[in-house]
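Here the structure comes first, spelled out in structure tokens, and everything after it is commentary.
Because only heavy atoms are used, hydrogens play no part in the values below, and waters and symmetry mates are left out as well, while side chains stay in.
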Amino acid sequence: MRPSSRTLRSTAAALGLALAAVTVSACGVTDKNASASDSADSGKPLSDLRIMVPNSPGGGYDITARTAAKVMEDSKITNGTEVLNLEGAGGTVGLARTVNEKGNADLTMLMGLGVVGASYTNKSKATLTETTPIVKLIEEYGAVMVPKDSPFKTIDDLVTAWKANPSKVSVGGGSSPGGPDHLLPMQLAQAVGIDPKQVRFVSYDGGGDLLPALLGDKVDFATSGAGEFKDQIANGDIRVLATSGDKRIEDIDAPTLKEAGIDLVFTNWRGVVAPPGISDARRERLISAFTKMHDTQEWKKALKANSWADAFETGDDFGTFIKEQDKRVEDTLGELGLA
């Protein structure tokens, strides 16, 4: 397979698991009532918004959702906002829940590239293209990371050992196959001349599960968003060998893959969708709330603190982006024999 230098900005999709097994309550106002309320109360704080995170606490989706919720609450854009986690199957359990909550005007889901890929690798019946697109929030560069005592001091050290014996070197990621933490090492392998089918990838359900595995030497290196591990990077428990963007990440002393002579740029992204069947008035109310949040100084500070790039895009434009990303992920996984 040829090395790929294509920038992959991608998102998420879902697994149609039987929702009888998912017993999280779904109490929301009806879309009809919400539509009338949205028209009448458009100048008031948005009440009782629920943001579902489709993987474990502590991961990138979770941090993004809780950060957004706090900024909206502190800025009085919303009140009574709840963030809940519904883990499973790379985010596709949460996706199936969202699609099946048709017309639930209170529910949203924080999603991204990982859900898109998981919908293919898990052969999900529910898809992101069925949801109501609200907003794309951020983009995030990936990082190639090792624990502090790793023998790999540079990205060249890692690549040399990896090429010598690909199946011996393990890589962990906080997403299922098809997600960003999986796609990055697969494309990195292609770029340095390793057959991706030889890569020994270990999947974890979010950065919260990946962190102890990396610190506990359960994997030789990890690929994920640097923002999820900023505290451990800052205190030296984790070393970043390289980052995957077209420019360096501020406050992280590591070259880009391009600077290290590897022809690859890779970018992850995250956004918010709602169930299908909500009213136009409700959709616009949700878009308005996230737009107000985006314009706050608190959100700008959060972008910097988490090493996120601003990638704000709403409504139909975001919907078009999701469709494009869905196609790109399908093509990439097809090249890897996974879709």
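In this structure, the side chain of Thr131 does not engage the main chain of Val273 through any donor-acceptor pair within 3.5 Å. Under the 3.5 Å distance criterion, the side-chain polar atoms of His294 are left unmatched by any main-chain donor or acceptor of Phe290. Looking at Glu130, its side chain does come within 3.5 Å of a backbone N or O of Thr127 through a donor-acceptor pair. Checked by atom type and distance alone, the side chain of Arg97 never pairs as donor or acceptor with a backbone atom of Met52 at under 3.5 Å. For Arg66 (side chain) and Pro57 (main-chain N/O), no donor-acceptor pair under 3.5 Å exists by modelled atom type. Of the possible donor and acceptor atoms, none in the side chain of Tyr204 sits under 3.5 Å from a partner among the backbone N and O of Gly172. Of the possible polar contacts, none joining the Glu82 side chain to the Leu49 backbone as a donor-acceptor pair under 3.5 Å is found. Panel note: side chain Ser175, backbone Asp181; a donor-acceptor pair is recorded below 3.5 Å. The backbone N or O of Gly59 lies less than 3.5 Å from no partner atom in the side chain of Asp62, so there is not a single donor-acceptor pair. Using modelled atom types, no side-chain atom of Gln232 and backbone atom of Asp237 make a donor-acceptor pair closer than 3.5 Å.
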| said: Checking Glu324 against Lys136 for the salt bridge (charged side-chain N to carboxylate O under 4.0 Å, His left out) test, could you report, in this order, the C-alpha distance in whole Å, the side-chain angles of both residues, the deciding distance, and whether it holds? | reply: CA-CA 13 Å; Glu324 292 170 349; Lys136 180 171 69 153; over 6 Å; no
Query - Working for salt bridge (charged side-chain N to carboxylate O under 4.0 Å, His left out), residues Lys304 and Glu250 - result: CA-CA 9 Å; Lys304 180 177 173 60; Glu250 189 176 349; 2.7 Å; yes
Could you walk me through whether Asp246 and Tyr141 pass the side chain to side chain donor-acceptor pair (under 3.5 Å) test, one step at a time? CA-CA 9 Å; Asp246 54 6; Tyr141 301 147; 3.1 Å; yes
- request: For side-chain contact (heavy atoms from CB on, under 4.5 Å), just list the numbers for Phe221 and Leu241, CA-CA rounded to whole Å, side-chain angles, deciding distance to a tenth of an Å, and then say yes or no.
  value: CA-CA 10 Å; Phe221 73 103; Leu241 301 184; 5.7 Å; no
Self-check item: Residue pair Phe229, Leu211: steps toward the side-chain contact (heavy atoms from CB on, under 4.5 Å) verdict
Solution: CA-CA 8 Å; Phe229 305 92; Leu211 176 60; 3.7 Å; yes
task: Take Val53 and Thr64, measure what side-chain contact (heavy atoms from CB on, under 4.5 Å) needs, and give me the verdict at the end.
output: CA-CA 9 Å; Val53 175; Thr64 308; over 6 Å; no
> Does the pair Lys230 and Ser307 meet the rule for a side-chain contact (heavy atoms from CB on, under 4.5 Å), with working shown?
Replying inline: CA-CA 9 Å; Lys230 62 182 187 303; Ser307 301; 5.9 Å; no
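Atom CG of Asp331 is separated from atom OH of Tyr120 by 8.5 Å, given to the nearest 0.5 angstrom. Note that CG of Asn100 is 11.5 Å distant from CG of Leu107, once rounded to the nearest 0.5 Å. With rounding to the nearest 0.5 Å, the separation of CG in Leu338 from NZ in Lys197 is 8.0 Å. To the nearest 0.5 Å, atom CG of residue Asn306 and atom NZ of residue Lys301 are 14.0 Å apart. Note that the OG atom of Ser244 and the CD atom of Glu140 stand 9.0 Å from one another [nearest 0.5 Å]. A distance of 8.5 Å separates CG in Asn55 from CG in Asp209, rounded to the nearest 0.5 Å.
At a threshold of 4.5 Å between side-chain heavy atoms, the hydrophobic network of Ile, Leu, Val, Met, Phe, Trp and Tyr places Met293 and Val135 in one connected group. Using a 4.5 Å cut-off between side-chain heavy atoms of Ile, Leu, Val, Met, Phe, Trp and Tyr, with links allowed through other members, Val240 and Leu188 fall into different hydrophobic clusters. Residue Val93 is grouped with residue Ile51 when hydrophobic side chains (ILVMFWY) are merged at heavy-atom distances under 4.5 angstrom, including chains of intermediate members. Under the 4.5 Å side-chain contact rule for hydrophobic residues, Phe266 and Phe201 share a cluster. If you chain together hydrophobic residues whose side chains sit under 4.5 Å apart, Leu183 and Ile322 fall into the same group.
Listed here is the closest heavy atom pair of Thr98 and Pro276: O-CD, 3.7 Å. Here the closest non-hydrogen pair linking Ala260 and Ile155 is CB-CG2, 3.5 Å. Ser170 and Lys218 get closest at one heavy-atom pair: OG-O, 4.1 Å. Counting all heavy atoms, side chain and backbone alike, Ile252 lies closest to Ala226 at CD1-CB, 3.6 Å. The two residues Lys292 and Thr296 come nearest to each other via the heavy atoms O-CG2, 3.2 Å. Closest approach of Ala289 to Ile77, counting heavy atoms only: O-CG2, 3.5 Å.
Other residues, nucleotides and ligands contribute over 12 non-hydrogen atoms within 6.0 Å of the CG atom of Asn235. More than 12 heavy atoms of other residues, nucleotides or ligands lie within 6.0 Å of CG in Asn165, so this atom counts as buried by the packing criterion. A 6.0 Å sphere centred on NZ of Lys153 holds more than 12 heavy atoms belonging to other residues, nucleotides or ligands.
Side-chain contact of Arg283 with Thr132: a donor-acceptor pair under 3.5 Å is absent, judged by distance alone.
With Ser47 as the fixed residue, the side chain to side chain donor-acceptor pair (under 3.5 Å) test singles out one of Thr81, Thr78, Asn79, Asp106: Asn79.
For the pair Pro147 and Asp217, the minimum side-chain heavy-atom distance is below 4.5 Å. Asp220 has its side chain out of reach of Leu158: every pair of non-hydrogen atoms, C-beta onward, lies at least 4.5 Å apart. Put simply, the side chain of Arg50 does not reach to within 4.5 Å of the side chain of Thr108, judged on heavy atoms. Taking 4.5 Å as the limit, every side-chain heavy atom of Leu286 sits out of range of all side-chain heavy atoms of Val272. No side-chain heavy atom of Ser203 sits less than 4.5 Å from a side-chain heavy atom of His182. Counting heavy atoms from C-beta on, the side chains of Trp162 and Phe152 never come closer than 4.5 Å. Using a 4.5 Å heavy-atom cutoff, the side chains of Lys70 and Glu73 are not in contact.
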